[in-house]
Amino acid sequence: MKQRVSALLREKLGRDLVLEKPRDRSHGHFATPIAFSLAKELRKSPVMIAEELATSFGEVEEFASVEAVKGYLNFRLSEKFLAEYASWALDNPSDFAKGDNKEKILLEFVSANPTGPLHIGHARGAVYGDTLYRLAKHLGYDITAEYYVNDAGNQIDLLGLSIQLYARENILQEESVEYPESYYRGEYLDALAKGAQEHFGIEIFNDTTRQKELAMWAKDKVMEIIVESLSNTKIHFDTFVNESELYSDWDRVMAKMGNNVYEAEGKLFIRSESKGDDHDRVVVRDDNRPTYLAGDIVYHNQKFERGYDHYINIWGADHHGYIPRVKAAIDFLGYDSNKLEVLLAQMVSLLKDAEPYKMSKRAGNVILMSDIVDEIGSDALRFIFASKKSDTALEFDLAEFKKQDSSNPIFYIQYAHARIQTLLSKATVSQEDIKEASLKDLGENADTLLFHALLLPEIVEDAFVSRQVQKLPEYLKTLAAALHKFYYDVRMIGSEDEAKLLKLLLVVALSIKTGLSLMGIDAQDRMVKEEDA
RNA sequence: GCGCUCGUAGCUCAGCUGGAUAGAGCACUGGUUUGCGGUACCAGCGGUCACACGUUCGAAUCGUGUCGGGCGCACCA
């Protein structure tokens, strides 16, 4: 819709211009302050310019009016244009708000280490990534969702050790198990230890030489736990890449880096300082063990060799300092690091009874993503996280999280959709009457609601392109509000305009349902009242 | 100390390609259709958009600085 208007204006005025949606509907559906910027070069007042432009438009099918007001140029869309667009959407519901982008994108997100279940902090990046993915798919992009599994290195060894320690204390009932400074703890170790006992036999717990073997078995089990909790939240991945399988390419990749890596003090360094990093980084330690960065170098090389137009990584904000060295590596490998876009998901901090709740994976007092899903459901979790700008730290109280009333906007939106379904089920006119009804002469309020519902395509596009997914839930909230108000103001069933009013509601329902599905949420046809516990 | 990031209503947050009177939800106060689900609707209360300067016809939005919060500054991931 907006694209169409933009294109029309470009054709008429011969230039691109800012198009906005005025808050005040008396200013039309779209408006532009173009006359202000033209004022200087034309040496005329904006008011005059706007008036000249307005009169120069003449008759355009898409516009009911073009008015100049105080220097602004306000456009009112014609009923015909809106009605035709709405009818098209209802006839092609699965194409509504779709796009025809062709770009090939690799989106990497979550990528949590397979050393423990996902916690609430991971959930934010997971929801953000999956929402972007759904938006991109809908817009036609050829996008792949990928999970990078860090199944090599210290943390995996630590997992093996942690299981042994846990088993020695809780299964072998040893009295004095000595714990090192860092190891993992948490409820999940219990299942892992028991599983390992069944799989390997009890003797593996005291055999330090078999720590690695135990760890490699355990990380697959942990991945199963992770994937299950992702799928319970309808978060989908197309591909998983294991770090441990990338090192066979090591020599070849290092050769590509050329003299951008060098040896010193028995270690291998990368010249990242020359690319804006604080200093050069160690890639391989003097005992020959690769650092974390080494894995990311071979991984990003592999990504670029696979050949995408654009790469998006979603990282926790605490990793932002890591960006320069990865970009440096990509440049050194001979690729364009500008193709890599790193989006940061800010930390989530929890309040429990209004007190900050400190989480530490090592201490084992984490809030698991699966616990939250059990308590409030996937829909509410997704909605809450998708509603907040990802790069802003988010703070919420666990008690608020548990609320299942209207303070949770997901209920408000679902109720709007359910209301429409209820009305449709009470219709006194036929489906055919509704389908054939004209959307003209509906009056100002209905026109506003229709316009609002047809705005979804712009919102979807904007939300993805700007990577600001919260624009979608924000839009759905205001659309739901408009629907509720309309419902309150206008009696529809039995009205002489019933067919056209219900057709209008169908458009609103389509928009809500499509919008929710892009957030991984199913629209409901009925609201089930929560029982008071 | 250096870098990144954020600072909008009592609380949680939108708004930020500069544009017409700064928004929502929650909380608080008061209302609502002889009718479609009151899980709704309306109104009131509440703001020096952290502060200062600058750019501009116009700044919550852009720039610089100050103050304050978060994060990073590993051969940990």
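Chain A is the first sequence line, chain B the second, and so forth, proteins listed ahead of strands; every chain is numbered from 1.
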Subject >> Flag side-chain contact, heavy atom, 4.5 Å: A:Glu146 against A:Tyr299 >> reply: yes
Original post:
Can you find an N or O donor on one side and an acceptor on the other, under 3.5 Å apart, linking the side chain of A:Asn74 with the base of B:rA20?
Top reply: yes
Original post:
Given the C1' atoms of B:rU5 and B:rC11, what is the spacing between them in whole Å?
Top reply: 23 Å
**OP:** Answer yes or no: is there a side-chain heavy-atom contact under 4.5 Å between A:Asp525 and A:His417?
**Re:** yes
Subject >> A:His27 aromatic ring stacked with six-membered ring of B:rA20, 5.5 Å and 30° >> reply: yes
**OP:** Classify the side chain of A:His319 versus the base of B:rG72 as yes if they form a donor-acceptor pair under 3.5 Å and no if they do not.
**Re:** no
Subject >> Between B:rC71 and B:rU55 - C1' atom distance, rounded Å >> reply: 31 Å
Subject >> Separation between the C1' atoms of B:rU66 and B:rA9, rounded to whole Å >> reply: 25 Å
Original post:
Is the phosphate of B:rC41, meaning OP1 or OP2, less than 4.0 Å from a side-chain N or O of A:Tyr412?
Top reply: yes
Original post:
Looking only at side-chain N and O atoms, does A:Asn113 come under 4.0 Å of OP1 or OP2 in B:rA77?
Top reply: no
Original post:
Considering only the C1' atoms, how many Å lie between B:rA60 and B:rC49, rounded to the nearest integer?
Top reply: 5 Å
Original post:
Say you pick atom C1' in B:rU32 and the same atom in B:rG70; how far apart are they, in whole Å?
Top reply: 45 Å
Subject >> Contact nearer the 5' end of RNA chain B, comparing A:Lys477 with A:Gly153 >> reply: A:Lys477
Original post:
Can you find a pair of side-chain heavy atoms, one from A:Leu132 and one from A:Ile314, that are under 4.5 Å apart?
Top reply: yes
Original post:
How far does the P atom of B:rA14 sit from the matching atom of B:rU8, given to the nearest Å?
Top reply: 10 Å
Original post:
Does the side chain of A:His29 come within less than 4.5 Å of A:Met1's, by heavy atoms?
Top reply: no
Original post:
Hey, would you say the A:Phe30 and A:Phe75 ring centroids sit under 6.0 Å apart?
Top reply: no
**OP:** In whole angstrom, give me the gap between the P atoms of B:rG69 and B:rA59.
**Re:** 30 Å
Subject >> Of A:Ala480 and A:Leu344, the one whose closest RNA chain B nucleotide lies more 5' >> reply: A:Leu344
Original post:
Looking only at atom C1', what distance separates B:rG23 and B:rU61, rounded to whole Å?
Top reply: 15 Å
Subject >> Candidate nucleotides B:rA77, B:rA40, B:rC36, ranked by approach to the side chain of A:Tyr487 - the nearest >> reply: B:rC36
